[in-house]
Amino acid sequence: MSVLVIGEGALAGRACRQLTSEGHSVKHLGKAGDRDLAAALEGGIAAVAVLLHDDTTAIRYVLAVEHIRPGVRIYVALFDRTAAEQLRAVVPDVTIISPADAALPTLLGAVMGPDVVAVGPALAQNGGAERSVLTRSDGFLRVGPFAVPDQMRRAGFIGRLQGQFRPHDGNSAILLTGLIGMAAIIVLDTILLMTFKGKPFLEAALEAVAVLSTVGPAPQSTNAWYQVFAIITMLAAIIFLAVFTAGMVEHLLSGRYIGLFGRRAMPRSGHVVVVGLGQVGFRLCQELQQLGLAVVGLERSEQCPNLPIARAADIPVFIGDGGMRRTMKKLRVDRSLAVVAVGSNELDNVAVSITARALAAGVPVVIRAGTHDAIEETASLFSIASVVDVEGLTVSAVSDWYAGDHPAYLADAGSDVAIVGWDGSVVTRPKTVGSACPHVASLTQQD
């Protein structure tokens, strides 16, 4: 088959090498204008693969290819699921894969335990189980039904309970201090009014709240000790109210990515720390929540477009640098189930792994790696973390598509990619190593 590969990065380069090694006739374009693209599509090109890390540019190339060669088979890697749905409606012959979807089974498997290679969708042989699991035992890969270990779910439930009304930063502590202080004054004043002045509960509570909110009269009493108490509590109420107001204003203006209570409260133990809230990290957080596990995201940039989406999905997200010990301590990494670093910068992921190892040597660490020149040979990282080669899995998905195969899911099995069929069969193929493409056409002319 004659294939046109469009893209300059490691993903396109590895796909080009893989397809060439399988006997396809490959033409590879880096940056190209419409004229260069039209020239490349001549000469019997049967299919096009658009493999870029920028979704907007990828969509632009897909639309251009469809305009120049209507009906040609197009394969494109897109991270954004909403954009993918819209593109399918416009270009009927496009096949879309999200690198996040390709990597998700392996990332889930790495969290579940050392013998679990991947957790994927249900297969015909699973006997009604909602998901399947690929495990390694005695050097062999086996597929079976999957269920989340009860101890992991219990640990997450306990961790979420421990996180309720536990401030994670100074602003939250100020807010909670003011709230607890005001509540304590109301409760104590109500009890004293009921005990020593014989007032009914509702009348005593009403009088205590009225005084605290400065909308009612000060309590009248001939007891000197109660007058002293009233003076102290009213002054304290002014302070606590000011503290609470300051904390509430800061909480409302800060984005509220972590709540004081509820589902967005930061778990204190039994949780999975996901570093990097791009499309891969966000999808992983969603899947972990669906499995009943506690999760907290860590994102460096407050400009990350997935932050509002994560907040709507009740995923707690801490803003900070995962390579800093102080940040990882706040996330209680030493009491977590696993740390997964899936940022787009692989060297940052390595830094996160080193920090996590230093703070919690026994906690499993998983990183996204495989394309940076300094760590292209991912086996060199096995000593510090489990490595998931997202680009390698995406390349394998491209190869399967051109071969006409439609596996249930793919898994990163070290030096190989495991291909799991819908019938439960498992085959492996060696990963494509190296991203340099020897015959890329550097066509940069723009219209």
Side-chain angles (χ1 to χ4, degrees), residues 104-119 130-131 133 135 146-169 172-173 176 257-277 280-299 310-311 313-320 322 324-342 349 352-368 384-386 388:
L104 197 58
T106 307
L107 291 170
L108 290 174
V111 170
M112 295 301 161
D115 297 328
V116 180
V117 178
V119 175
E130 294 184 357
R131 297 175 185 261
V133 61
T135 57
F146 173 74
V148 180
D150 291 337
Q151 61 269 27
M152 296 183 72
R153 284 185 172 175
R154 282 196 300 268
F157 178 74
I158 294 172
R160 285 191 290 264
L161 284 181
Q162 293 173 339
Q164 304 300 312
F165 293 102
R166 293 280 296 273
H168 65 280
D169 59 5
S172 299
L176 193 59
Y257 300 123
I258 294 180
L260 278 176
F261 60 92
R263 288 173 56 88
R264 279 198 298 113
M266 182 186 294
R268 313 303 292 183
S269 64
H271 56 294
V272 179
V273 179
V274 179
V275 184
L277 211 69
V280 177
F282 176 67
R283 288 293 312 283
L284 178 60
C285 288
Q286 284 186 309
E287 290 294 321
L288 290 170
Q289 279 195 336
Q290 290 180 8
L291 291 174
L293 301 182
V295 62
V296 58
L298 175 62
E299 173 57 43
R311 181 171 56 193
D314 288 330
I315 298 172
V317 181
F318 188 85
I319 305 298
M324 298 181 63
R325 295 172 64 95
R326 180 180 179 182
T327 300
M328 299 301 276
K329 284 182 177 180
K330 285 186 177 181
L331 296 179
R332 304 298 293 272
V333 65
D334 58 320
R335 302 186 65 184
S336 66
L337 295 177
V339 177
V340 187
V342 288
N349 294 337
V352 170
S353 174
I354 294 173
T355 303
R357 289 290 190 190
L359 296 175
V363 174
V365 179
V366 185
I367 68 172
R368 169 185 178 178
I384 61 172
S386 300
V388 177

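Scope of the values below: all heavy atoms of this structure, side chains included, with no hydrogens, waters or symmetry mates.
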Verdict with reasoning, L107 to V119, per side-chain contact (heavy atoms from CB on, under 4.5 Å)
CA-CA 8 Å; L107 291 170; V119 175; over 6 Å; no
Just how far is it from atom CZ of R160 to atom OG of S269, taken to the nearest 0.5 Å?
10.5 Å
Shortest non-hydrogen contact from M328 toward L298
SD-CD2, 4.1 Å
Which residues pass the side-chain contact (heavy atoms from CB on, under 4.5 Å) test with A310, not counting sequence neighbours?
L277, F282, I315, V317
The criterion is salt bridge (charged side-chain N to carboxylate O under 4.0 Å, His left out); which residues satisfy it with R263, sequence neighbours excluded?
D314
Distance, nearest 0.5 Å, that separates NZ of K329 from CG of L359
6.5 Å
Straight-line distance of I319 CD1 to E299 CD, nearest 0.5 Å
6.0 Å
Of all heavy-atom pairs between L284 and L104, which one has the smallest distance, and what is that distance?
CA-CD1, 3.7 Å
Quick check: closest heavy atoms across D334 and V363, and the distance to 0.1 Å?
O-CG2, 4.2 Å
Is there any side chain to side chain donor-acceptor pair (under 3.5 Å) pair reaching into residues 281-293, and which pairs are they, with sequence neighbours excluded?
D101-R283, R131-E287
In terms of heavy-atom contacts, L331 and H271 come closest through O-NE2, 2.8 Å
Do any N or O atoms from the side chain of N349 and from the backbone of R368 form a donor-acceptor pair under 3.5 angstrom?
yes
Here the pair of heavy atoms bringing A356 nearest to V333 is CB-CG2, 4.4 Å
I'd like to know if the side chain of R154 and the backbone of P149 have a donor-acceptor N/O pair within less than 3.5 Å.
no
Within a strict 4.5 Å, meaning less than it, do heavy atoms of the V352 and I367 side chains meet?
no
Give, for atom CG of L337 and atom CD of Q151, the distance between the pair rounded to the nearest 0.5 Å.
9.5 Å
When rounded to the nearest 0.5 Å, the distance separating CE of M112 from OG1 of T135 is 14.0 Å
In this structure, CZ of R311 is separated from CZ of R264 (nearest 0.5 Å) by 7.0 Å
Determine, step by step, whether V340 and V272 satisfy the side-chain contact (heavy atoms from CB on, under 4.5 Å) criterion, reporting the C-alpha distance in whole Å, the side-chain angles of both residues, the deciding distance to 0.1 Å, and the verdict.
CA-CA 8 Å; V340 187; V272 179; 4.1 Å; yes
Side chains of Q162 and R335 in contact at under 4.5 Å (non-hydrogen atoms):
yes
Work out which heavy atom in V296 is nearest to a heavy atom in P267; give both atom names and the distance.
CB-CD, 4.4 Å
